[in-house]
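As structure tokens, the structure follows; a few thoughts come after it.
All of these numbers come straight from a predicted model, not from anything done at the bench.
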Number of protein chains: 2
Amino acid sequence: MNYPVFAVTVDLVVLTVREGELKVLLVRRGLEPYLDRWALPGGFVHADEDLAAAARRELAEETGLAGPGGHLEQLASYGKPERDPRGRVVTVAHLALLPDLPTPTAGTDAAAAAWRPVDQQDLAFDHHRILADGIERARSKLEYTPLATAFCPPEFTIAALRQVYEAVWGEPLDPRNFHRKVTTTPGFVEATGRSTEGGPGRPAALFRRGAATLLNPPILRRGTR
Amino acid sequence: MNYPVFAVTVDLVVLTVREGELKVLLVRRGLEPYLDRWALPGGFVHADEDLAAAARRELAEETGLAGPGGHLEQLASYGKPERDPRGRVVTVAHLALLPDLPTPTAGTDAAAAAWRPVDQQDLAFDHHRILADGIERARSKLEYTPLATAFCPPEFTIAALRQVYEAVWGEPLDPRNFHRKVTTTPGFVEATGRSTEGGPGRPAALFRRGAATLLNPPILRRGTR
DNA sequence: TCCATTCTCGTCACTCTGACGATAACGGAG
DNA sequence: CTCCGTTATCGTCAGAGTGACGAGAATGGA
């Protein structure tokens, strides 16, 4: 059988919410092509490795290890013949959503990795497109899944969850309506009985993620309606 | 640079609605492995070909040419090391939705292609999983996009559109509420002024697909709520 | 002419949502 | 210790959307 030969890579769109803003993990390229340009972290899929396993491995290498929590899913594949000047490379992009706490951008591998604003320009290869697709996927997933909890630590307040939505969607939400919505949607979050202490204002109840995998009804953003 | 070598294929989940049921286009394999088993149509991506272009080419080869109308989008990629016993093959699955009319399953390429029920068992490779993912994607897309029109000819009745939903979702819908929903959602369909003639019952107005790309609010299936 | 069939329009109760008022529970200033 | 700013939480209310279903309109066939 005769067929062309490809290299297959995994690229990661790793998102988190820091300082009230959506950030993406980028690395500065240390070699040609696109030397010194920001790029999505990624690497070649090994010879005996599943795509998902390669994505998990790269994520662990770049972030030091994404502890529990967080979320990783396949995003899409990109394979234009000219996307990599070195040869025919198809990349299977993955989307990762992580809580802020874990890793201050300093893994084993990442030479110069940093959390950057998601409107970063001049990315290497077709990574701008991949990033845009990843962000849109994340925004969309927040509408009809409880995945916003992947951005939060194991226990979180409703306000923290709301700030995730506001950061990802880039629009303010009414705290009272959001509170009602989240607490009345079965399986979205469940109360822990504990609450915060020390901060300004009234202490807030702490929740953990619930068992639901789909939100019914969905929480729709303004832009979509 | 040292990296493993892959073959990259495109596999197609081609869906249509025939005789009130959701059908998938399958081909009988004429060679090992999985000789004589049903499989998704597909083939290798050419050396200088984009993934989307490869998918369009395969679709044209298998269906004789999917005329205007219809819809093609990337579904997901599958790359378990052992998924093809002949070597390391990553497949980029695509999802196609076609109106019934065009092709009675007899293209240039397809040796033995046929429209089969979507619960077909014993597919080759990991095609059962790919098919399941494709069907779920289609069901989901009907909820929040006007993509059901891709299953219909250029002009169609509301009843025909409803039958698409019923076939894809496998559940009956109230004709009156569906009619209200579709006609009041801006951009879903637009009236042509013409209507059907000859059939039983009152003639039905004919519509064409509207300009909307997203349904607001979505049409949710029972199973999801 | 009557009838079965299918399309289309209406009605009504119920739920959900957005906008927003009001109260609760804290820390800190005076 | 009281007042006050801040944040969390609960309530209220009108309007939109939906499911369930009645009823009339427009056809072909018995």
Residues which pass ring-ring contact (aromatic ring centres under 6.0 Å, His included) with B/Trp169, listed by chain and number, not counting sequence neighbours: B/Tyr165
Residues which pass ring-ring contact (aromatic ring centres under 6.0 Å, His included) with B/His127, listed by chain and number, not counting sequence neighbours: B/Phe125
Output the rounded distance in Å from [atom1] ([X]) to [atom2] ([N]).
{"X": "B/Phe156", "N": "C/dC7", "atom1": "CZ", "atom2": "P", "result": "14 Å"}
{"X": "A/Leu206", "N": "D/dA8", "atom1": "CG", "atom2": "C1'", "result": "12 Å"}
{"X": "A/His179", "N": "C/dA19", "atom1": "NE2", "atom2": "C1'", "result": "18 Å"}
{"X": "B/Tyr144", "N": "D/dG17", "atom1": "OH", "atom2": "C1'", "result": "21 Å"}
{"X": "B/Leu220", "N": "C/dT15", "atom1": "CG", "atom2": "P", "result": "17 Å"}
{"X": "B/Phe178", "N": "C/dC9", "atom1": "CZ", "atom2": "C1'", "result": "17 Å"}

Can a salt bridge be assigned to the pair [X] and [Y] using a cut-off of 4.0 Å between side-chain N and carboxylate O?
{"X": "A/Arg137", "Y": "A/Asp133", "value": "no"}
{"X": "B/Arg221", "Y": "B/Glu171", "value": "no"}
{"X": "A/Arg139", "Y": "A/Glu143", "value": "no"}

Enclosure of B/Arg83 CZ (heavy-atom neighbours >12, cutoff 6.0 Å): yes
A/Ala205 or B/Lys181, whichever maps to the more 5' nucleotide of DNA chain D: A/Ala205
Sub-4.0 Å heavy-atom contacts from residues 157-175 of chain B onto DNA chain D, ordered by number: B/Asp174
For A/Arg208, all residues meeting side-chain hydrogen bond (donor to acceptor under 3.5 Å, both in side chains), sequence neighbours excluded: A/Glu190
Contacts of B/His71 that satisfy side-chain hydrogen bond (donor to acceptor under 3.5 Å, both in side chains) - sequence neighbours left out: B/Glu73
Any N/O donor-acceptor pair, B/Arg180 side-chain to D/dG19 base, under 3.5 Å: yes
Nucleic acid footprint by protein, nucleotides 22-30 of chain D - heavy-atom cut-off 4.0 Å, B for base, S for sugar-phosphate alone: BBBBBBS--
Approximate separation, where rounding is to 0.5 Å, of B/Glu19 CD and B/Gln163 CD: 13.0 Å
Nucleotide of D/dG19, C/dA19, D/dC10 approaching B/Asn177 most closely (side-chain heavy atoms): D/dG19
